[in-house]
Asker: 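Following this message is one structure expressed as structure tokens.
Numbers for residues simply follow the sequence, beginning at 1.
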Amino acid sequence: MRLRNVPGAREEIAASKYVVLDDAETKGKWNEIFGNTHPIQIEIGMGKGTFIMEMAQRHPEINFVGIEKYSSVLVRALEKLEAINNEKEEKGESTINNLLLFRMDAENIENYFAKDEVSDIFLNFSDPWPKDRHAKRRLTSDRFLARYINLMKKTGTITFKTDNTDLFNFSVETANEEGWTFLKKTDDLHHSEYNEGNIMTEYEKKFSEMGNKIHMMQIIQ
Ligand code: SAM
């Protein structure tokens, strides 16, 4: 994700009803925040949010939280969500009301979600952190997998997509070492049995158009 300062991004997101900031007390309160008892699925590192907005529209029976570290990126997702909802309002359709955008660094995720509060996690085209000394920062490292266990229901799944073969191999190896069970695993998602219903992310579109294969795994505790 290209990072540049977007003037006014912080102010714009702070004023929006669709956004939660990292100074909010959310732990154990997500169902209260959404105002229903629906299950909660999260995407960590949503970028501009194409994937999670489509998920929210396809699954009104689920609450979604799109997590993004940078205000400058989150503001782009926010603008898109507002545009979709404005258009829906004009057409007299019901708006997306089962999605919140959360500006937060996933390093601190355990401070914001309680045990069993999250049903499923999506990691799409996570930053690869290729240097060995940065391996702990990868969102599929053992450190992060341990954090996810502290938030997720026992039946919860983690679905991870990337075109980066080294990161994928690292993630498969780590999940194996940490005792996770594989529900799905493919080196070429778009030509696999799992492609039906797949929602492409921004990065997925870009990299598959360049001819890169998309790897995918889905794991459960
Ligand atoms: N998921 C989107 C997609 O597939 O098109 C965006 C992928 S982009 C390569 C990775 C995104 O994850 C960036 O927007 C980055 O800011 C965000 N990110 C990276 N590390 C993060 C962290 N620790 N917590 C929250 N977001 C993070």
Asker: Asp166: what forms a side-chain contact (heavy atoms from CB on, under 4.5 Å) with it, not counting sequence neighbours?
Answerer: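 In terms of side-chain contact (heavy atoms from CB on, under 4.5 Å), with neighbours along the sequence ignored, Asp166 is linked to Asn164.
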Asker: Can you confirm whether Thr140 sits close enough to Thr174 that some side-chain heavy atom of one is under 4.5 Å from a side-chain heavy atom of the other?
Answerer: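 No; the side chains remain at least 4.5 Å from each other.
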Asker: Name all residues meeting the side-chain contact (heavy atoms from CB on, under 4.5 Å) criterion together with Leu21; count only those two or more places apart in sequence or in a different chain, and write none if there are none.
Answerer: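 Ile13, Ala14, Val19, Asp23, Arg103.
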Asker: Give me the one residue out of Phe170, Phe168, Phe125, Phe207 that meets ring pair (Phe, Tyr, Trp, His ring centres under 6.0 Å) with His215.
Answerer: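 Option passing the ring pair (Phe, Tyr, Trp, His ring centres under 6.0 Å) with His215: Phe168.
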Asker: Answer yes if Met46 and Ile109 sit in the same cluster of Ile, Leu, Val, Met, Phe, Trp and Tyr residues linked by side chain heavy atoms under 4.5 Å apart, and no otherwise.
Answerer: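 Shared cluster, no.
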Asker: If the condition is salt bridge (Lys or Arg N to Asp or Glu O under 4.0 Å), which residues does Lys131 pass it with, not counting sequence neighbours?
Answerer: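 For Lys131, no residue satisfies salt bridge (Lys or Arg N to Asp or Glu O under 4.0 Å) once neighbours in sequence are set aside.
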Asker: Tell me whether Ile220 is reachable from Leu151 by hopping between hydrophobic residues (I, L, V, M, F, W, Y) whose side-chain heavy atoms are closer than 4.5 Å.
Answerer: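 Looking at the clustering, Ile220 is in a separate group from Leu151.
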Asker: Going hydrophobic residue to hydrophobic residue with side-chain gaps under 4.5 angstrom, can you get from Tyr194 over to Leu183?
Answerer: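 No, because Tyr194 and Leu183 fall into different hydrophobic clusters, even though each may have its own neighbours under 4.5 Å.
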Asker: Once side-chain contact (heavy atoms from CB on, under 4.5 Å) is applied, do any residues pair with Ile33, and if so which ones, sequence neighbours excluded?
Answerer: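 Ile33: side-chain contact (heavy atoms from CB on, under 4.5 Å) contacts with Thr26, Lys29, Trp30, Leu100.
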Asker: Applying side-chain contact (heavy atoms from CB on, under 4.5 Å), name anything that partners Glu61, two or more places apart in sequence or on another chain.
Answerer: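 Glu61 satisfies side-chain contact (heavy atoms from CB on, under 4.5 Å) with His59 once adjacent residues are dropped.
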Asker: Does a side-chain heavy-atom distance below 4.5 Å link Leu99 with Ile52?
Answerer: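 Yes, their side chains come closer than 4.5 Å.
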Asker: Only pairs at least two apart or in different chains count here, so list each salt bridge (charged side-chain N to carboxylate O under 4.0 Å, His left out) that has a residue in residues 108-120.
Answerer: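 Pairs touching residues 108-120 that pass the test: Glu110-Arg147.
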